[in-house]
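Here's the structure, in structure tokens; my notes come after.
In what follows, chains carry the letters A, B, and so on, assigned in the order in which the sequence lines appear, proteins first and then strands, with residues in each chain numbered from 1. Given the structure is predicted, the values throughout are model-derived calculations rather than measurements.
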2 protein chains.
Amino acid sequence: MQTVSNALNAPHRLRPDTLQRVTRSIELLNYRPNRNARSLRTSAVELIGYCVPSWPHGQVHLVMDQFLHALCTSAESSGRHILLFTAPVGVEGMPVYEDLHARRLVDGFVLSQTETHDPRHAWLKEQQIPFVSFGRVWEESTQPGPWVDVDGAGGCATAVQHLYDTGRRRIGFLSWPQTSGLAENRLSGWRARCGELGLPNHDELAVRCRADTIDEGARSTAELLDADPAIDAIVAISDILALGALRELGRRGLVAGVDVAVTGFDDSPLASVVSPALTSIRQPMDEIAGELIDILTTPDPKGPTERLLQPELVVRGSSAPG
Amino acid sequence: MQTVSNALNAPHRLRPDTLQRVTRSIELLNYRPNRNARSLRTSAVELIGYCVPSWPHGQVHLVMDQFLHALCTSAESSGRHILLFTAPVGVEGMPVYEDLHARRLVDGFVLSQTETHDPRHAWLKEQQIPFVSFGRVWEESTQPGPWVDVDGAGGCATAVQHLYDTGRRRIGFLSWPQTSGLAENRLSGWRARCGELGLPNHDELAVRCRADTIDEGARSTAELLDADPAIDAIVAISDILALGALRELGRRGLVAGVDVAVTGFDDSPLASVVSPALTSIRQPMDEIAGELIDILTTPDPKGPTERLLQPELVVRGSSAPG
DNA sequence: CTGAAAGCGCTTACAG
DNA sequence: CTGAAAGCGCTTACAG
């Protein structure tokens with residue numbers, strides 16, 4: 001019994017011949033250890049909680065399936081799995097998190113859809129419930145708990161650089177409302193790189209869209225082009241807004257990628273499904289998931305527990321040089 | 001101890017005053033029963049396995065987040081949760097399912113992304129592993145195991161009826177390749193209802209798209225309109241193809257919803273994000289999830305374990321009468 | 001209706 | 001390196 005347990009959990013303790021003998025029997029009998037008994041004894045369930053976001057109508061999360069798949073894969077490579085649950089947004093949802101942890105359905109949580117001033121992080125930290133966040137809360141003070149995020153400013157700077165390198169000299173920006181730390185971060189990358197390259201980067205070149213919809217992207221693009229017809233490129237803060245830009249260009253008889261270059265953000269499946277295909281800033285989902293699981297499952301992580309990853313510009317026809 | 005257990009699991013066995021006394025103490029002590037101990041004893045983990053689909057590049061599953069959210073909510077209302085895992089597609093993935101069940105990480109599975117001739121159903125049934133399928137395998141013979149599906153033929157017939165009622169008389173159909181049972185089913189709904197209404201429904205009016213992309217939808221729409229310029233409506237088998245149809249109409253200077261009406265399938269978030277918004281056939285996700293969980297968690301379901309649900313046509317500008 | 005007892009299937013010190 | 005024993009925290013017949 002306990003030799004079998006050792007063979008499974010600490011094979012180095014056994015003599016090679018014993019190990020082989022036991023392993024053979026395990027296979028012969030098709031023995032599979034009961035995970036509940038193990039969890040009861042070790043008080044580790046090897047399950048990680050993830051709250052499935054519920055989106056307000058019309059909101060699209062085009063890369064959630066990619067993220068979930070990456071998260072699952074990473075969890076599995078560490079012998080764990082993802083447990084899905086729902087909870088009210090914000091601090092109202094915290095009792096759900098607490099209950100799942102108290103009843104030992106999960107060891108800890110991966111937070112995503114992190115909002116600016118998200119209250120969950122401080123709450124979980126105070127309760128000493130293990131978690132790691134995908135995304136920052138954008139507080140002045142140090143963020144509670146470990147996090148992984150993508151360098152949105154860097155990504156947008158890379159997009160600007162790419163547009164500059166392919167001959168663009170007047171680059172607009174489609175943003176979200178000012179209350180979002182994420183939006184300000186991405187916008188700052190555009191502003192900074194344009195400044196470094198000697199390109200115009202005044203506020204009139206950055207339009208705030210009211211919602212993340214194709215209509216808003218189109219409307220804002222029209223606003224941008226009406227105010228400044230010399231614009232020859234647009235960096236959009238999301239693929240959806242970029243799709244709106246493409247539509248407005250088409251409506252005006254302008255050719256995307258020729259007359260005006262367009263880039264999006266997220267490299268969602270839609271990017272390669274439109275024509276011309278959309279140049280977009282890809283978040284490295286596999287890497288993000290790997291870091292999240294690593295931080296959450298390593299008792300004493302060697303590296304920092306605040307990790308900023310670089311996105312990757314995927315160039316397609318909407319910004320092709322010719 | 002066991003009175004507490006009774007209070008939690010069989011409160012009717014206790015005298016009201018005792019129950020109240022115990023309940024009060026439970027709350028005072030903030031006691032939360034350990035789920036692993038319970039599962040070990042009852043050998044039910046109250047976890048349902050769901051395999052996260054991994055999509056070939058460019059493939060979009062625009063309603064997966066809706067489905068997952070609905071599934072989670074239904075599972076939770078029966079005291080259960082969803083455990084996510086990954087597995088190779090087809091029969092190669094079955095050892096993963098078997099292992100999860102053997103080690104008692106899950107009680108059973110919800111299958112989705114069901115393919116025509118999907119081998120998983122027969123395999124699980126033979127292994128006596130509990131499961132329920134969202135979607136049919138489209139075999140001649142009786143399908144192994146319980147399933148829930150949406151009446152695609154009925155949905156397309158409803159779309160045709162709606163178009164007829166709003167004055168359309170020549171309705172094209174954008175389909176997928178012939179090898180898909182799902183596609184044939186939806187197509188048959190268009191064919192049947194057109195026939196009943198005395199509208200043309202010959203094969204030339206149904207174009208097979210080679211892929212589920214906007215480009216293919218646009219190309220096929222062009223093909224359709226070139227061959228028969230009198231077409232005044234198009235029923236698309238997916239929202240993505242419908243988006244392609246909208247694009248092609250725009251390219252030709254035709255106004256969607258006025259010159260040519262267009263309907264999609266799935267009522268994905270994209271449907272309400274384009275302009276004109278897309279009329280689409282909505283799969284009742286909450287109901288689907290409810291039935292799936294009901295069948296899987298009821299030892300002896302009262303109703304049939306093969307349930308066909310009716311989709312709902314959501315009418316928007318792309319098919320508005322005026 | 002309530003209390004003492006066994007046991008679910010593991011893991012882990014502890015002897016041999 | 002291997003074997004007998006305790007115990008993780010519940011549930012569930014079984015007595016009182």
Side-chain angles (χ1 to χ4, degrees), chain A residues 1-49 78-81 83 98-108 128-130 297 299, chain B residues 1-49 78-81 83 98-108 128-130 297 299:
Chain A
M1 176 85 262
Q2 57 289 40
T3 307
V4 174
S5 185
N6 276 331
L8 254 23
N9 300 311
H12 59 273
R13 289 194 196 156
L14 303 195
R15 252 194 338 241
D17 62 317
T18 314
L19 179 57
Q20 205 194 337
R21 197 155 42 88
V22 173
T23 307
R24 228 182 86 78
S25 294
I26 287 174
E27 279 176 17
L28 234 53
L29 297 166
N30 196 25
Y31 168 74
R32 238 70 67 80
N34 181 307
R35 183 59 145 278
N36 298 307
R38 177 180 216 279
S39 294
L40 177 57
R41 189 60 238 253
T42 64
S43 75
V45 280
E46 323 229 290
L47 248 35
I48 295 163
S78 80
R80 293 173 176 80
H81 287 276
L83 181 140
E98 200 272 333
D99 194 56
L100 287 169
H101 184 256
R103 286 154 63 203
R104 309 289 19 241
L105 267 86
V106 302
D107 295 324
Q128 303 197 49
I129 297 173
T297 60
Chain B
M1 175 85 262
Q2 56 289 42
T3 308
V4 175
S5 185
N6 276 331
L8 255 21
N9 300 311
H12 59 272
R13 289 195 196 156
L14 303 195
R15 252 193 338 241
D17 62 317
T18 314
L19 179 58
Q20 204 194 339
R21 198 156 40 87
V22 174
T23 306
R24 227 182 86 78
S25 294
I26 286 174
E27 279 176 15
L28 235 52
L29 298 166
N30 196 24
Y31 168 74
R32 238 71 68 76
N34 181 308
R35 184 59 146 279
N36 298 306
R38 177 180 215 279
S39 294
L40 177 58
R41 189 59 237 252
T42 63
S43 75
V45 281
E46 322 229 291
L47 249 32
I48 295 163
S78 79
R80 293 172 177 80
H81 287 275
L83 181 140
E98 200 272 333
D99 193 57
L100 286 169
H101 184 256
R103 287 155 61 202
R104 310 284 26 239
L105 267 85
V106 301
D107 295 325
Q128 302 197 48
I129 296 172
T297 60

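Spacing between atom OH of A:Tyr31 and atom C1' of C:dG9 amounts to 7 Å, rounded to whole angstrom units. Rounded to whole Å, atom C1' of C:dC10 lies 9 Å from atom CG of A:Asn9. Taking atom CD of residue B:Glu46 and atom C1' of nucleotide D:dC10, one finds them 13 Å apart after rounding to whole Å. For A:Asn6 and C:dT12, the CG to P distance is 9 Å, given to the nearest whole Å. Going from atom CG of A:Leu19 over to atom C1' of D:dC1 covers 12 Å, rounded to whole Å. Here D:dC8 presents its P atom at 14 Å from CG of B:Asn36, a figure rounded to the nearest Å. Here the P atom of nucleotide D:dC8 and the CG atom of A:Asn34 are 18 Å apart, to the nearest Å. B:Arg35 has its CZ atom 14 Å from the C1' atom of D:dT11, to the nearest Å.
The side chain of B:Leu40 approaches C:dG9 more closely than any other nucleotide in the set C:dT2, C:dG9, D:dC1. Nearest to the side-chain atoms of B:Arg15 among the listed nucleotides C:dC10, C:dC1, D:dT12 stands C:dC1. Distances from the side chain of B:Arg41 to the nucleotides D:dG9, C:dC10, D:dT2 place D:dG9 closest. For B:Arg21, the listed nucleotide lying nearest its side chain is C:dT2; candidates were D:dT2, D:dC10, C:dT2.
Applying the 4.0 Å criterion to OP1 and OP2 of D:dC8, one finds that A:Ser39 has every side-chain N and O outside that range. Checking the phosphate oxygens (OP1, OP2) of D:dC8, no side-chain nitrogen or oxygen of A:Ser43 falls inside 4.0 Å. Side-chain N/O atoms of B:Ser5 include none lying less than 4.0 angstrom from OP1 or OP2 on D:dC10. Not one side-chain nitrogen or oxygen of A:Thr42 sits closer than 4.0 Å to the OP1 or OP2 atom of D:dC8. At C:dG3, one or more side-chain N or O atoms of B:Thr3 fall inside 4.0 Å of OP1 or OP2 (strictly under the cut-off).
In this structure, A:Arg103 reaches neither bases nor backbone, as no heavy-atom distance under 4.0 Å exists between it and the strands shown. Counting any heavy atom pair closer than 4.0 Å across all strands shown, A:Arg32 reaches sugar-phosphate atoms only and no base atom.
With A:Arg104 contributing its side chain and B:Asn36 its backbone, the two residues share no donor-acceptor pair below 3.5 Å. A distance-only check finds no donor-acceptor pair linking the side chain of B:Arg21 to the backbone of B:Thr23 [under 3.5 Å]. A donor-acceptor contact shorter than 3.5 Å links the side chain of B:Asp107 to the backbone of B:Val45.
B:His101 has its side chain within reach of B:Pro130: a pair of non-hydrogen atoms, C-beta onward, lies under 4.5 Å apart.
The base-pairing partner of D:dA13, taking Watson-Crick or G-U wobble contacts with both distances under 3.5 Å, does not exist among the strands shown. Pair assignment for D:dA4 gives none, since no Watson-Crick or G-U wobble pairing has each distance under 3.5 Å.
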